[in-house]
Amino acid sequence: MTNILLLGGTGWLGKTLSGLALDRGHQVTALARGTDPFVEGVDAVFSDRAMSEAYARVEHHDWDLVVELTSSPRFARAAIKRLGGKARNWVFVSSCSVYAEQSEAGADESADVLKPLDADDEEAESDYGRAKSACESLSLQTRAGRTLVVRPGLIGGPGDPSGRSSYWPLRFAESRDPVLVPADPDGLQWVQVIDVRDLAAFILDAGLAGHHGYVNAVGAQYQLVQVLQLARDAAASAGAAGTTKDGHTLHGYDLARMATDRVNPWAGPKSLPLVLPPGTEHEGFARRSDARALAMGLHRRSLRESFEDIVRADDGGGIRSLRLGLSAEEESALIAGR
Ligand SMILES: NC(=O)c1ccc[n+]([C@@H]2O[C@H](COP(=O)([O-])OP(=O)(O)OC[C@H]3O[C@@H](n4cnc5c(N)ncnc54)[C@H](OP(=O)(O)O)[C@@H]3O)[C@@H](O)[C@H]2O)c1
């Protein structure tokens with residue numbers, strides 16, 4: 001029996017990891033406050049990591065694998081000090097947000113990272129990239145390098161709580177016309193989405209295999225125009241009968257207008273999800289090297305499959321259920337040039 005401890009387990013990735021590990025016959029323990037429910041079948045340890053005895057129930061076990069999901073350097077430091085000595089394998093789930101530059105296409109894991117935060121600087125923890133950078137170095141130092149630092153790019157798939165991977169397939173699954181899409185004549189906009197299910201499988205496989213060091217866990221690289229076409233195709237093949245229209249009319253939106261029209265890039269209200277403002281400083285964004293992850297055995301489903309599953313999993317709320325993107329009124333006003 002393989003014993004796995006998740007430090008987390010109630011978020012989207014944590015739940016996906018829990019379900020997959022249980023399906024594979026592993027014994028799974030998850031430690032969190034329980035803001036959202038734990039997955040059924042997991043040994044749930046309700047614990048607040050801000051408390052001094054947070055790890056009392058899990059520290060005397062010999063874990064085959066610990067997966068750390070925090071973004072707090074204080075939590076990362078305390079956990080690895082208390083549990084790191086006995087764990088056979090340790091994975092820290094970091095992020096590509098640790099990288100200092102987004103301008104070089106194809107950059108691998110040796111690229112410069114942001115200066116790590118001071119682990120005691122509680123107030124600065126909202127500085128996500130620097131907080132993750134601090135967690136990385138603490139996790140590696142304490143176990144003398146025997147840690148696998150997984151750096152995911154954008155995570156997507158059905159159930160995406162951020163909605164970033166859901167907006168375009170769900171928008172194309174609506175019959176409303178025309179659809180406002182970013183005009184990207186230079187093809188400078190890129191997208192790398194890793195499906196949460198593929199990421200979970202990679203973390204378990206690579207973690208239990210004893211890999212260590214840094215690895216980018218990113219999706220295949222697509223130009224934005226290809227992503228929009230895949231979202232359109234997926235909506236046509238997976239949409240509910242009668243709601244999806246095959247031949248949408250597109251309205252190309254000039255990205256140079258974003259600032260004037262107060263359209264947000266990437267995410268958030270009144271935004272174009274997955275889209276960046278035009279500019280050369282982002283040219284390497286979503287173009288990270290995936291060579292090391294593939295060599296370690298990362299298996300990725302196609303983006304079209306992820307998009308189809310997003311459309312199939314929709315409970316009827318469509319893009320109205322997301323907390324980002326353009327509302328129908330905002331989209332019509334932009335198309336009308338208002
Ligand atoms: N979404 C993306 O595109 C993306 C991209 C790159 C990397 N990542 C990384 O991928 C991971 C995603 O994890 P996730 O989806 O499982 O969600 P998450 O929200 O990032 O997970 C955080 C976990 O920590 C627990 N937690 C927070 N405060 C706690 C406390 N005081 N005591 C105990 N537990 C606490 C939460 O549970 P409770 O609230 O129940 O305590 C939750 O289970 C994160 O590491 C994230 O930084 C995400």
Side-chain angles (χ1 to χ4, degrees), residues 4-21 28-39 42 44-58 66-79 82-83 90-99 102 113-114 122 125-136 139 148-167 191-200 202-204 207 214-219 266-267 273-274 285-286 288 293 306 323-324:
I4 298 177
L5 172 65
L6 305 178
L7 295 171
T10 54
W12 185 41
L13 176 59
K15 283 182 180 164
T16 310
L17 278 163
S18 300
L20 184 67
V28 184
T29 302
L31 182 147
R33 292 166 303 179
T35 310
D36 278 326
F38 291 89
V39 168
V42 158
V45 178
F46 289 83
S47 178
D48 184 344
R49 299 179 67 177
M51 312 302 279
S52 57
E53 289 309 304
Y55 307 100
R57 264 197 61 197
V58 295
V66 175
V67 180
E68 168 65 281
L69 290 142
T70 195
S71 304
S72 156
R74 285 174 301 135
F75 293 173
R77 178 176 62 185
R82 300 287 285 268
L83 313 171
W90 193 282
V91 173
F92 172 63
V93 180
S94 186
S95 166
C96 283
S97 299
V98 294
Y99 288 115
Q102 306 293 344
V113 296
L114 296 167
E122 209 174 315
E125 280 186 6
S126 58
D127 189 343
Y128 178 70
R130 289 190 58 202
K132 281 289 196 191
S133 180
C135 296
E136 285 192 354
S139 307
L148 179 63
V149 173
V150 175
R151 293 173 173 161
L154 176 66
I155 305 172
D160 177 358
S162 81
R164 289 170 295 191
S165 64
S166 319
Y167 178 83
V191 178
Q192 275 180 312
V193 180
I194 180 148
D195 191 292
V196 68
R197 298 162 291 182
D198 299 334
L199 176 60
F202 178 68
I203 289 170
L204 293 179
Y214 306 97
V215 61
N216 295 334
V218 291
W266 190 241
L274 307 184
F285 185 80
R288 296 264 159 215
S306 301
R323 289 184 307 248
L324 85 175

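None of the values given here were measured: they were computed from a predicted structure. For ligands, and for the atoms within them, numbers begin at 1 and follow the listed sequence.
The side chain to side chain contact (heavy atoms under 4.5 Å, CB included) with S94 is formed by just one residue from the set V149, V215, N216; it is V149.
In this structure, the protein non-hydrogen atom closest to atom 34 (N) of ligand 1 is A32 CA, 3.6 Å. Closest protein heavy atom to atom 43 (O) of ligand 1: T10 OG1, 2.8 Å. Ranking protein heavy atoms by distance to atom 31 (N) of ligand 1, first place goes to D48 OD1, 3.0 Å. Closest to atom 23 (C) of ligand 1, if we only count protein heavy atoms, is G8 CA, 3.9 Å. Scanning the protein heavy atoms around atom 10 (O) of ligand 1, the nearest turns out to be V93 CG1, 3.7 Å. Distance from atom 12 (C) of ligand 1 to its nearest protein heavy atom, with residue and atom name: L13 CB, 3.8 Å. The closest protein non-hydrogen atom to atom 20 (O) of ligand 1 is L69 O, 4.4 Å. Among protein heavy atoms, atom 6 (C) of ligand 1 sits closest to P152 O, 3.5 Å.
Side-chain atoms of L6 and V28, non-hydrogen and from C-beta on, do get closer than 4.5 Å to each other. Counting heavy atoms from C-beta outward, V93 and V67 have side chains that approach closer than 4.5 Å. A heavy-atom distance below 4.5 Å is not found between the side chains of V58 and V66. V193 is not listed as a side-chain neighbour of S306, based on a closest heavy-atom distance of 4.5 Å or more. Taking 4.5 Å as the limit, every side-chain heavy atom of L114 sits out of range of all side-chain heavy atoms of V98. Proximity of L274 to W266: side-chain heavy atoms (C-beta onward) are separated by under 4.5 Å at one or more points. Two residues are said to be in side-chain contact when any heavy atoms from C-beta on lie closer than 4.5 Å; I4 and L17 fail this criterion.
Of the N or O atoms in A50, none lie within a sub-3.5 Å distance of an N or O in ligand 1. Considering backbone and side-chain atoms alike, L31 places every N or O at 3.5 Å or more from each N or O of ligand 1. Considering backbone and side-chain atoms alike, W12 places an N or O below 3.5 Å from some N or O of ligand 1.
Per-residue contacts place L154 under 4.0 angstrom from the following atoms of ligand 1 (heavy atoms of the residue considered): 3 (O). Close contacts of ligand 1 with F75, meaning ligand atoms under 4.0 Å from a residue heavy atom, involve 30 (C), 31 (N). The contact set between ligand 1 and R164, taken as ligand atoms under 4.0 Å from a residue heavy atom, comprises 1 (N), 2 (C), 3 (O). Here is the list of ligand 1 atoms found below 4.0 Å of a heavy atom in G9: 43 (O). Residue-ligand proximity, G14 to ligand 1, at heavy-atom distances under 4.0 Å covers atoms 14 (P), 16 (O). When each atom of ligand 1 is checked for a heavy atom of G153 under 4.0 Å away, the hits are 5 (C), 6 (C). Numbered from 1 in the order shown, with element, the atoms of ligand 1 that lie under 4.0 Å from a heavy atom of Y128 read 7 (C), 8 (N), 9 (C), 46 (C), 47 (O). Listed by number with element, the atoms of ligand 1 under 4.0 Å from a non-hydrogen atom of S71 are 47 (O).
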Under the side chain to side chain contact (heavy atoms under 4.5 Å, CB included) rule, what do F75 and L7 come out as? Steps first, then yes or no, please.
CA-CA 10 Å; F75 293 173; L7 295 171; over 6 Å; no
Please test Y99 against R151 for side-chain hydrogen bond (donor to acceptor under 3.5 Å, both in side chains), starting from the C-alpha separation and ending with a verdict.
CA-CA 10 Å; Y99 288 115; R151 293 173 173 161; 2.8 Å; yes
Would you sort out whether S71 and Y128 count as a side chain to side chain contact (heavy atoms under 4.5 Å, CB included), showing the intermediate values?
CA-CA 7 Å; S71 304; Y128 178 70; 3.5 Å; yes
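Contact between R151 and ligand 1 is absent, with no heavy atom of the residue lying under 4.0 Å from the ligand. Heavy-atom distances between G156 and ligand 1 stay at or above 4.0 Å for every pair.
Contact annotation for atom 18 (P) of ligand 1: protein absent (non-hydrogen atoms, distance under 4.0 Å). At least one protein heavy atom sits closer than 4.0 Å to atom 8 (N) of ligand 1. In this structure, atom 37 (O) of ligand 1 has protein heavy atoms in its sub-4.0 angstrom surroundings.
Nearest to atom 28 (N) of ligand 1 by heavy-atom distance, out of R33, M51, R49, R74, is R33. The closest heavy-atom contact to atom 4 (C) of ligand 1, among the options V218, I194, I155, V150, comes from I155.
Contacts between K132 and ligand 1, counted as non-hydrogen atom pairs separated by less than 4.0 Å, involve the side chain only. Residue contacts with ligand 1, taken as heavy atom pairs separated by less than 4.0 Å, do not involve S72 at all. If you look at S94 next to ligand 1, the close heavy atoms, those under 4.0 Å, all belong to the backbone.
Contacts of R57 classified as salt bridge (charged side-chain N to carboxylate O under 4.0 Å, His left out), with partners at least two apart in sequence or in another chain: D43. For A286, the side-chain contact (heavy atoms from CB on, under 4.5 Å) criterion is met by W190, Q192, not counting sequence neighbours.
In terms of heavy atoms, P158 sits closest to R197 at CD-NH2, 3.5 Å.
Panel note: side chain S133, backbone G129; no donor-acceptor pair is recorded below 3.5 Å. Listed for the T70 side chain is no donor-acceptor partner under 3.5 Å among the backbone atoms of A76.
Distance OG/S47 to CD/E53: 9.5 Å, rounded to 0.5 Å.
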